[in-house]
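Only one structure is covered here, and it is reproduced in the block below.
One-based numbering along the sequence shown. Since the model is a prediction, treat every value here as computed from it, not as a measurement.
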Amino acid sequence: MARIAGVDIPKQKRGVIALTYIFGIGKSRAQRILEEAKVDPNKKVSDWDDSDVSGVRNAVSQFTIEGELRSQTQMNIKRLMDIGCYRGVRHRSGLPLRGQRTKNNSRTRKGRRKTVANKKKVTK
């Protein structure tokens with residue numbers, strides 16, 4: 001396995017796909033990195049030589065990835081929560097924050113259903 005940016009990328013996959021295992025690198029950014037490092041995107045990681053790996057490492061080091069990106073994202077969310085804006089309030093209460101309906105859907109954000117029993121009517 002080649003180790004890039006603290007992540008073991010899989011050997012058996014093509015370079016473009018293997019780079020997407022790094023948090024913060026998608027398919028288009030992976031293509032750009034391999035183009036900059038002058039590595040064939042269809043070449044498998046196991047076929048890379050040392051110069052290819054070092055070129056990819058240098059290209060990847062220019063981007064904010066992995067732990068630094070995660071902490072930056074968390075800081076942005078914390079800032080929204082601290083200033084008390086709508087998005088921050090929705091983050092705090094664990095609800096969807098981009099205008100989605102919550103009456104029927106949004107189970108991913110709300111979690112499992114919490115069934116509330118009906119109040120029984122008093123019979124005379």
Side-chain angles (χ1 to χ4, degrees):
M1 278 195 175
R3 195 161 175 81
I4 296 172
V7 179
D8 290 329
I9 59 173
K11 269 199 267 189
Q12 71 279 9
K13 298 200 182 285
R14 295 182 318 130
V16 176
I17 304 303
L19 282 176
T20 61
Y21 280 66
I22 301 171
F23 182 78
I25 297 179
K27 198 169 182 184
S28 62
R29 187 173 274 185
Q31 288 170 339
R32 206 172 328 133
I33 287 168
L34 291 177
E35 188 179 297
E36 192 178 307
K38 295 178 181 70
V39 178
D40 180 30
N42 297 319
K43 199 174 180 184
K44 292 199 176 191
V45 175
S46 57
D47 299 336
W48 287 359
D49 54 6
D50 291 335
S51 63
D52 291 342
V53 173
S54 63
V56 169
R57 273 200 192 112
N58 291 337
V60 165
S61 66
Q62 296 171 359
F63 297 105
T64 306
I65 49 168
E66 279 300 316
E68 191 180 338
L69 181 60
R70 287 180 212 267
S71 62
Q72 194 175 15
T73 308
Q74 285 299 100
M75 289 297 291
N76 290 340
I77 292 170
K78 187 179 181 318
R79 178 182 51 83
L80 291 171
M81 288 164 66
D82 289 344
I83 62 176
C85 68
Y86 180 79
R87 278 173 58 202
V89 170
R90 302 294 280 188
H91 266 295
R92 197 177 306 136
S93 56
L95 293 168
L97 44 129
R98 293 187 178 169
Q100 295 93 332
R101 293 183 170 271
T102 56
K103 181 179 178 182
N104 299 319
N105 296 329
S106 76
R107 277 291 136 210
T108 305
R109 287 288 296 178
K110 288 166 106 178
R112 289 190 56 142
R113 286 184 170 84
K114 301 172 227 40
T115 307
V116 179
N118 287 338
K119 192 172 182 183
K120 293 197 168 97
K121 293 178 182 172
V122 179
T123 56
K124 292 183 180 177

Does Lys38 have more than 12 heavy atoms from other residues, nucleotides or ligands lying within 6.0 Å of its NZ?
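12 or below, so no.
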Shortest non-hydrogen contact from [X] to [Y]?
{"X": "Thr64", "Y": "Arg29", "answer": "O-NH1, 4.3 Å"}
{"X": "Tyr21", "Y": "Glu66", "answer": "O-OE2, 4.5 Å"}
{"X": "Val16", "Y": "Pro41", "answer": "CG2-CB, 3.4 Å"}
{"X": "Lys110", "Y": "Asn105", "answer": "CD-O, 4.3 Å"}

Does the pair Glu36 and Gln62 meet the rule for a side chain to side chain contact (heavy atoms under 4.5 Å, CB included), with working shown?
CA-CA 11 Å; Glu36 192 178 307; Gln62 296 171 359; 3.2 Å; yes
Leu69, Ile9: one ILVMFWY side-chain cluster at the under-4.5 Å cut-off?
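Cluster IDs for Leu69 and Ile9 differ.
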With hydrophobic residues grouped by side-chain heavy-atom distances under 4.5 Å, do Val7 and Ile33 end up in a single group?
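Val7 clusters together with Ile33.
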Can you find a pair of side-chain heavy atoms, one from [X] and one from [Y], that are under 4.5 Å apart?
{"X": "Leu95", "Y": "Ser106", "result": "no"}
{"X": "Thr102", "Y": "Arg109", "result": "no"}
{"X": "Trp48", "Y": "Val39", "result": "yes"}

How far does [atom1] of [X] sit from [atom2] of [Y], to the nearest 0.5 angstrom?
{"X": "Leu19", "Y": "Lys27", "atom1": "CG", "atom2": "NZ", "answer": "12.5 Å"}
{"X": "Asp82", "Y": "Met75", "atom1": "CG", "atom2": "CE", "answer": "8.5 Å"}
{"X": "His91", "Y": "Cys85", "atom1": "NE2", "atom2": "SG", "answer": "8.5 Å"}
{"X": "Ile65", "Y": "Arg70", "atom1": "CD1", "atom2": "CZ", "answer": "10.5 Å"}
{"X": "Leu34", "Y": "Arg14", "atom1": "CG", "atom2": "CZ", "answer": "9.5 Å"}
{"X": "Lys114", "Y": "Arg112", "atom1": "NZ", "atom2": "CZ", "answer": "10.5 Å"}

Yes or no on side chain to side chain contact (heavy atoms under 4.5 Å, CB included) for Val45 and Lys13, after CA distance, side-chain angles and deciding distance?
CA-CA 6 Å; Val45 175; Lys13 298 200 182 285; 5.6 Å; no
Given 3.5 Å as the limit, does a donor-acceptor pair link the side chain of Arg113 with the main chain of Arg107, or not?
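No, the answer is negative, given that no donor and acceptor are paired below the 3.5 Å cut-off.
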